[in-house]
Amino acid sequence: MRTGQVEIIIVAGIVVLAIIAILSTVFQTPPSPVPSSVAQAQKAVKESLLSAATASANDIIETMELHGGYLTDQILADQAFTIPEATLFLGVGVPYWQQCENDLAPTEAQVEGWLERGVELTIADSLGSLAVDEDVAFDTTQLVVDATIFDDKIDFQVALPTTVGGYAMPQPYTFTVPTGFGRVTRFARDFAAEASTTRFLENHALAALYFSEAAADGEPAVPTSGFLLECGKTIFRSPAFLATAVKEAIAHSLSSTAWWQPKSTDKGEPLSFAVPTVSGTAYPDLAPGLYFPDDFAFSFSSPVMIKNNEVDFALIPPFQVPNCEISYVQKYNLLFPVVVSVKDQVTGHRLNVASLVSIVDPGNDQSMEPGTCGAPVAAPGPCDDLACLATIKIVDSLGLPVQGASVSFGGCFAGESNDQGLVVADLLCGSGEVAVYKSAAYEFLTAATDAASLDGATLTLDQKPTVTLHFVQVGPTCAASPVDMEFVFATFAGDQDAAISNIDPAASQDVECTEANAADCLGNVTGILSSVDTTILPSGTYSAEVIVANPALVAANPGKLPTIVLSSTTVLVPPQDAELTVHVPDSDQLLQKALLCIGGPGDEPTGQCAPDFVACTTDCATLVNESVRSNWVVSTLAGGAYGQTFASLLTTCGLQAVEVA
């Protein structure tokens, strides 16, 4: 019985508790319903708040795109936040997301956090301008914004405790902003990673520098490496010209970059560049642009001066002529910003971020290469310590001022002469080389001196005279006529060596000239000039020499070098235009006369010289090397006896090889 009694008591207890619970439910006081007037007010507050929050979010998104994903000082006010290093583009500060080898791009979480903080601040600022009644209260101390960024939109949740007439409003407020902010910032992040690893901005800029367009002198506007083949050829680039040329070359690499496609392999197309992907991803819906920042300009302290004045008189069959060929290498150290701008395809806004590009001279035989931003700051350059003031006057050979002449000393640019021919500038103290250059029409003046001597000095910059060389044949009877058969090289040795030929540069020489095919080579030259104009002979004194070859003799002796070298002559080229006459013997006529004296190949000499064979030796046999009678022409020409006869002809006729008209 006890057991049964206990069970009944327990059940009875459960029933009692159930009854109590039911009674409590029945008689509990229900929550007060929100009055309809308050509900209407809450609806209006919500709509007003969502409108303000959406406008705030749009403003923050646009601002962050313009400022490379960052907030601004104006928005942050006195909030604790570090604004990164930036450059100026379209009047707006654009932060660096990449510098040389360093990827500085913020993470997606960082950008999202800044976006949320910016929207929180702007919502809080906008609450005071909302058209709400006095009984509406916002607890801004509890304001929290949560943003989720997608490629084409951003979802927002705003927690802002709000009461209207003492009644709390449901939380959170939610809204969506259509925008491509997420996609363009993801592109920018991939771009920064790509640019810091492959260094494609540097590599594109280097290619543009190495293949820069030609300047007015026919040489690259930005000299990097190459050859000068013309005697006396000069490349001069002032610092101002160089700054413009470098910017134009690199600007071409920026503007001609093709995105999301492979680089063209067509060699006939202009120089172009391609970026197929960034960090392995292509963004075919985006068309990024690369630009220099506002008012950006390169600056150089020294000019580029390259002069071809090293002449090597080398054997170039079928002539022994001057070889005016030098190679040059010119390198630059460049550090410059580039802004990448990409359009948000949803809003039409643009995201702008910056990169810092570095090109350095490694200081060895290697080409220029991408530099590092972490390298120590370079020591001051030689042109940073200019402490000796000097006034220099530049005049021409008539003593008249020369305007626009560039003056350098010790490799440091001093400036250009004004309309009075004056340059007033600070120079390196001590000894060095002064260089003055105006244009290809003037000499390139260089001289060793010192800064003290240059102060108050007058330097004469002569114009290059136009020298006309007339090539004239002289026959055995001293009769003269314009040259029509001889190939002539007139060589001039002086402060600046040069060689001038009467071969028409427009004539075709399709066969490569070698010693073995000299006849074929000369046979392809179709033009011989009787006069030539040149400006490669500055005024001065030269030792002139004339090298002559007759194509008929060359053709008759393949594989040989039947050239004649006439004795040297001293020639003075005046500062003004001048005419020179180059006298050469009519070798064909002399050959015919010599045959009468010597006899043909294989024949015994007659022993009698033709009466009108000028300066013929009395012993005709000495004209021939008996051991090579079958090659008498070559032996006499190369051996010198025949050549001496030619020189004697000019002497007999009262002529020098080269004379001033």
Side-chain angles (χ1 to χ4, degrees), residues 65 68-69 87-90 94-105 180 183-213 220-222 224 244-294 296-298 332 334-345 349-360 367-371 373:
E65 285 184 325
T87 188
L88 199 65
F89 181 63
L90 300 179
V94 177
Y96 288 99
W97 280 40
Q98 175 260 330
Q99 292 182 339
C100 309
E101 76 281 15
N102 302 312
D103 182 353
L104 308 178
R183 184 157 180 79
V184 293
T185 52
R186 184 154 57 87
F187 156 77
R189 197 170 292 109
D190 287 342
F191 174 91
E194 182 78 19
S196 62
T197 52
T198 66
R199 308 298 296 276
F200 70 88
L201 288 175
E202 281 87 353
N203 292 326
H204 291 180
L206 282 169
L209 292 175
Y210 278 112
F211 295 96
S212 68
E213 296 289 336
V222 183
T224 51
T244 299
V246 167
K247 185 175 181 180
E248 288 178 350
I250 296 178
H252 172 75
S253 75
L254 301 180
S255 63
S256 61
T257 296
W259 297 88
W260 325 130
Q261 56 185 289
K263 186 178 183 340
S264 172
T265 57
D266 187 350
K267 295 182 179 180
E269 291 186 358
L271 184 65
S272 61
F273 308 91
V275 181
T277 64
V278 286
S279 299
T281 302
Y283 293 79
D285 57 316
L286 303 182
L290 300 172
Y291 308 95
F292 284 118
D294 296 349
F296 175 78
F298 288 98
Y332 308 90
L334 305 173
L335 186 67
F336 57 94
V338 170
V339 173
V340 56
S341 179
V342 60
K343 185 177 181 180
D344 179 336
Q345 297 298 312
H349 304 152
R350 300 193 74 86
L351 172 71
N352 300 319
V353 299
S355 291
L356 190 63
V357 182
S358 173
I359 293 174
V360 298
S367 303
M368 293 179 286
E369 60 187 33
C373 291

Item to check | Derivation of the side-chain contact (heavy atoms from CB on, under 4.5 Å) call for L286 and K343 | outcome: CA-CA 7 Å; L286 303 182; K343 185 177 181 180; over 6 Å; no
Next on the checklist: side-chain contact (heavy atoms from CB on, under 4.5 Å) for V278 and F187? Distances and angles first, verdict last.
Outcome noted: CA-CA 8 Å; V278 286; F187 156 77; 4.1 Å; yes
Checklist entry - Looking at L351, T257, V340, which one forms a side chain to side chain contact (heavy atoms under 4.5 Å, CB included) with P288? => result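 For P288, the side chain to side chain contact (heavy atoms under 4.5 Å, CB included) test succeeds with only one of L351, T257, V340, which is V340.
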Once rounded to the nearest 0.5 Å, what's the spacing between atom [atom1] of [X] and atom [atom2] of [Y]?
X: H252; Y: S212; atom1: NE2; atom2: OG; result: 10.5 Å
X: E65; Y: S341; atom1: CD; atom2: OG; result: 10.0 Å
X: L206; Y: S253; atom1: CG; atom2: OG; result: 9.5 Å
X: D294; Y: L90; atom1: CG; atom2: CG; result: 5.5 Å

Give the minimum heavy-atom separation between [X] and [Y], together with the two atoms involved.
X: G68; Y: V353; value: CA-CG1, 3.9 Å
X: N102; Y: C373; value: ND2-CB, 3.9 Å
X: D344; Y: V184; value: CA-CG1, 3.9 Å
X: P284; Y: W260; value: CA-CD1, 3.7 Å
X: A282; Y: P276; value: CB-O, 3.9 Å
X: Q98; Y: S355; value: OE1-OG, 2.8 Å

Does [Y] offer a backbone N or O that forms a donor-acceptor pair with the side chain of [X] under 3.5 Å?
X: R183; Y: D285; result: no
X: R199; Y: P370; result: no
X: W97; Y: A193; result: no

Checklist entry - Any luck finding a side-chain donor-acceptor pair between E101 and S196 under 3.5 Å? => result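 Short answer, no.
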Heavy-atom distance under 4.5 Å between the side chains of [X] and [Y], does that happen here?
X: Y96; Y: T87; value: yes
X: H204; Y: E202; value: no
X: M368; Y: T224; value: yes
X: I359; Y: E369; value: no
X: L334; Y: V357; value: no
X: D190; Y: T277; value: no
X: F273; Y: L201; value: no
X: F292; Y: V339; value: no

Next on the checklist: Do the side chains of D103 and R189 get close enough for a salt bridge, i.e. N-O under 4.0 angstrom?
Outcome noted: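 Salt bridge flag = no for R189 with D103.
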Checklist entry - Does NZ belonging to K247 count more than 12 external heavy atoms closer than 6.0 Å? => result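 Yes - once you tally the heavy atoms of other residues, nucleotides and ligands closer than 6.0 Å, there are more than 12.
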Next on the checklist: Please determine whether ring-ring contact (aromatic ring centres under 6.0 Å, His included) holds for the pair F191 and Y283, giving the CA-CA distance in whole Å, both sets of side-chain angles, and the decisive distance to 0.1 Å.
Outcome noted: CA-CA 11 Å; F191 174 91; Y283 293 79; over 10 Å; no
Item to check | For F298, all residues meeting ring-ring contact (aromatic ring centres under 6.0 Å, His included), sequence neighbours excluded | outcome: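 Residues passing ring-ring contact (aromatic ring centres under 6.0 Å, His included) with F298: F296, F336.
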Checklist entry - Residues two or more places apart in sequence or in another chain: which of them pass side chain to side chain donor-acceptor pair (under 3.5 Å) with T198? => result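 Only E194 meet the side chain to side chain donor-acceptor pair (under 3.5 Å) criterion with T198.
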